[in-house]
Amino acid sequence: MDDILSRLNPEQRKAVKIVRGPILILAGAGSGKTRVITYRVAYLIHKVGVSPGNILAITFTNKAAEEMQTRIQKLLGGNNEVWIRTFHSTCARILRGGAERIGIKNNFTIYDEYDQISLVKECLGDLEIDTKAVSPAHVAGAINKIKENLQSSTAIENDLLRHVYNHYNNKLLEYNALDFDDLIMKVVELFKTDDDILDYYQDRFKYIMVDEYQDTNRAQYVLTKLLAEKHRNLCVVGDDDQSIYSWRGAEIRNILDFERDFPDTTVIKLQQNYRSTKRILDAASAVVKNNEYRKPKTLWCENKVGEQIQFFEADDAYTEAAFVARKVIELGLKGANLGEIAVFYRINYQSRLLEECFITYRIPYEVVGSLRFYERAEIKNVLAYLRLINNNLDAVSLRRIINIPSRKIGHETIEKMSSFSKEHGIALYDVLHDIDKVKNINSGTRRRIKEFTRMIDSLIDGREGFDIYELALRVVKESGYLASLSQEKTEREYVRRKNVEELLISIKDYVRERPSATLDNYLEEVSLRSDIDEWNESNARVNLMTLHNAKGLEFDVVFITGLEDGLIPHYKSQHDERQYEEERRLLYVGITRAREKLFMTYARQRDMFRAGPNYTEISPFLNEIPSDLISTGYDFE
DNA sequence: CAGGAGGGGCTTTTT
DNA sequence: GCCCCTCCTG
């Protein structure tokens, strides 16, 4: 352990050794933050003698959690019971144990963004609100904001929104489902309702650490505060310059105000960068220093000066993509590992052109994000079956798959059953069992509904005898879904079948790794998994991702593309100063991912969704970088 | 009453 | 360029 401490600089060592009381670590990009957190956990266990079970570490993604778990294991050896999880996953776990206290059954389903929008649509329908006048996605966004801020429904000023909000929450309760923000909000509710439970978790988590603290929202902050209140051993780590999730309710205020909320806080600044060349760091600093809303600070380094940043101005987006591809090939010929190269962009849409180009040039690549695996329709269909089996109150999933594959049970029939369910206060799935009582359904449809119900019932009844993989296999076979995919002829449909098969394999792996896991556990894990969690960094492929997904990662070579006014900063952020500054931070995050080489590109013409060419202006942020750091000498052959 | 074909809308970032 | 919704057909 002493040996480990000697590998840290004085500030880092301080951050590891101060274990009692509130502590705020302001960790600049590349300042060894992860190392500090990992060592801190090791220090707590080995030197202070804290039991691993008394430590809670919150990370931003599951991927970061797994990485940290691995590192700690390497440091300490053997198994430990440190809780290292995301906020959402921590809360889901707490609720599985104690949700009944606040009226939620413990087999609740977690609704993602798309399930949520379906439910909002349903609510708008129930309340006879025209979805053309009020967009469901917009309403869903407003609902999320309310929950992220722990606002009470009575405080909602807009009458329509308040009605929808209440109706929506009633539906969630009825369906035994929670949306993402509920996970946090309900735990806060649980803690405020039940002192014993709060007490239990406060004593359990005597030492709490929160990473990426700048990206926590109000609800997460309140939750953290509640948990840490008793023992006050709270360590938060963040960087206000890397706050890029305010649109998701993150409050940079949480970091700026930490010292006010915890007056006896020890503040430690990690400002030495170990990652990037001096030029790259200078460029990053030159950009971010233009922000008004930030804690003043300067990163420094003893790293080599490095090359100039290479800037390329392309005629259009195709030329831009070709430039990136050719540079990648050039680097590859010089022996660079393609897995150490990353291409960033502002919006997922931009990946398409790059992909096309990479295919043409035969460059192996991997897109992180865009269409996430678990959000693909065919995957969601299979999961909807499993969700229905796990929680048959989940009418969103039931509606989704009752006619997949086609059973000739259409909208009209579903509407009739829904009305019946509403009138008699019976769950939709129970209406299926009592289908003879529902009027005006023809006998063929009735028969097919009974068949469907029988099939689901038999899967539910038999589930004890099977593991999750066997169950999933039965689902795709007995529902006829796999067969329906096998008959399809187009390339796209073939891909769907492949995806379902891939899902089955992944379930098999999951069962092998966690033989005691329940269906509940599996569905929860899948719901809370993001695409970055799946990403395998050891692949020898160029990595394509959004600037948001790049957070927390680092690469030898980085390309930042689309440096245009309207893209970075995004045009929707241009009229709000706070949002505008967040765009600048986004670029800052992108630049600071690079260790050795940084390329920045701009296309004078980019065809967006509108018809015809779209002539662009260069990003104003680029002018903030001193010109001596940049080389522009490109002739594009 | 189900499902295919064609028109209109919209596209930031995500746990 | 893609997805969703609607209208029309079988």
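Below, chains carry the letters A, B, ... as their sequence lines are ordered, and counting in each starts from 1.
Counted by atom type alone, A:S418 and A:R399 present one or more donor-acceptor pairs between their side chains at under 3.5 Å. Side-chain atoms of A:K225 and A:N254 include no donor-acceptor pair closer than 3.5 Å.
For an aromatic pair to be called close, the ring centres must be under 6.0 Å apart, and A:Y111 with A:Y175 fails this.
With rounding to whole Å, A:Y571 atom OH is found 8 Å from B:dT12 atom C1'. What separates NE2 of A:H548 from P of B:dT15 is a distance of 11 Å, to the nearest Å. Straight-line distance from the CD atom of A:Q242 to the C1' atom of B:dT13: 16 Å, rounded to whole Å. Here C:dC3 presents its C1' atom at 10 Å from NZ of A:K121, a figure rounded to the nearest Å. C:dG1 atom P lies 10 Å from atom CG of A:L353, rounded to whole Å. Between the CZ atom of A:F344 and the P atom of B:dT13 there is a distance of 16 Å, rounded to whole Å. Rounded to whole Å, atom P of B:dT15 lies 12 Å from atom CG of A:D215. The distance from atom CD1 of A:I347 to atom C1' of B:dC10 is 12 Å, rounded to the nearest whole Å.
In this structure, of C:dG1, B:dC1, B:dT14, it is B:dC1 that holds the atom nearest to the side chain of A:K416. Among C:dC2, B:dT12, B:dT13, the nucleotide with an atom closest to any side-chain atom of A:K572 is B:dT12. For A:Q579, the side-chain atoms get nearest to B:dT12 when compared with the rest of C:dC2, B:dT12, B:dC1. Here the side chain of A:E113 is nearest to one of B:dT13, B:dT15, B:dC1, namely B:dT15.
For the pair A:R96 and A:F108, the cation-pi criterion (under 6.0 Å, within 45° of the ring axis) is fulfilled.
Across C:dC4 and B:dT13, the matching P atoms stand 16 Å from one another, rounded to whole Å.
Minimum heavy-atom separation, A:F180 to A:H88: O-CD2, 3.3 Å.
Using a cutoff of 4.0 Å between basic side-chain nitrogens and carboxylate oxygens, A:D112 and A:K380 are scored as salt-bridged. For the pair A:R604 and A:D315, the salt-bridge criterion is met [side-chain N within less than 4.0 Å of a carboxylate O]. Of the charged side-chain nitrogens involved, none lies within less than 4.0 Å of a carboxylate oxygen, so that A:R448 and A:E451 do not count as a salt-bridged pair. Between A:D181 and A:K145 there is no salt bridge, since no side-chain N of the basic residue sits under 4.0 Å from a carboxylate O of the acidic one. Using a cutoff of 4.0 Å between basic side-chain nitrogens and carboxylate oxygens, A:K33 and A:E212 are scored as salt-bridged. Under a 4.0 Å N-O distance rule, the pair A:E583/A:R346 qualifies as a salt bridge.
When the side-chain nitrogen and oxygen atoms of A:T546 are compared with OP1 and OP2 of B:dT14, one or more of them lie within a distance under 4.0 Å. Close to B:dT13, at under 4.0 Å from its OP1 or OP2, lies a side-chain N or O of A:N348.
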Could I get a table of every N or O pair under 3.5 Å where one atom is in the protein and the other is in nucleotides 5-9 of chain B?
none

Using nucleotides 2-4 of chain B, report all nitrogen or oxygen pairs with the protein that are shorter than 3.5 Å.
residue	atom	partner	partner atom	Å
B:dA2	OP1	A:G410	N	2.7
B:dA2	OP1	A:T413	OG1	2.6
B:dA2	O5'	A:G410	N	3.2
B:dG3	OP1	A:S406	OG	2.1
B:dG3	OP2	A:N403	ND2	2.7

Please tabulate the protein-to-nucleotide N/O contacts below 3.5 Å involving nucleotides 8-10 of chain C, giving atom names and distances.
none

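Backbone-only contact: A:Y245 has heavy atoms under 4.0 Å from sugar-phosphate atoms and none from a base. Within the nucleic acid shown, A:D179 has no heavy atom closer than 4.0 Å to any nucleic acid atom.
Relative orientation of the A:Y522 and A:Y510 rings is perpendicular, given thresholds of 30° and 60° on the angle between their planes. Ring-plane geometry between A:W247 and A:Y245 is classed as tilted, the angle between the planes lying from 30 to 60 degrees on a 0 to 90 degree scale.
Both A:H88 and A:R346 lie close to DNA chain B; mapped to their nearest nucleotides by heavy-atom distance, the more 5′-ward contact belongs to A:R346.
Remark: ring of A:F180 not stacked against base of B:dT15; the cut-offs of centroid gap under 5.5 Å and plane tilt under 30° are not jointly satisfied. By the stacking rule of 5.5 Å between ring centres and under 30° between planes, A:H570 stacks on the base of B:dT12.
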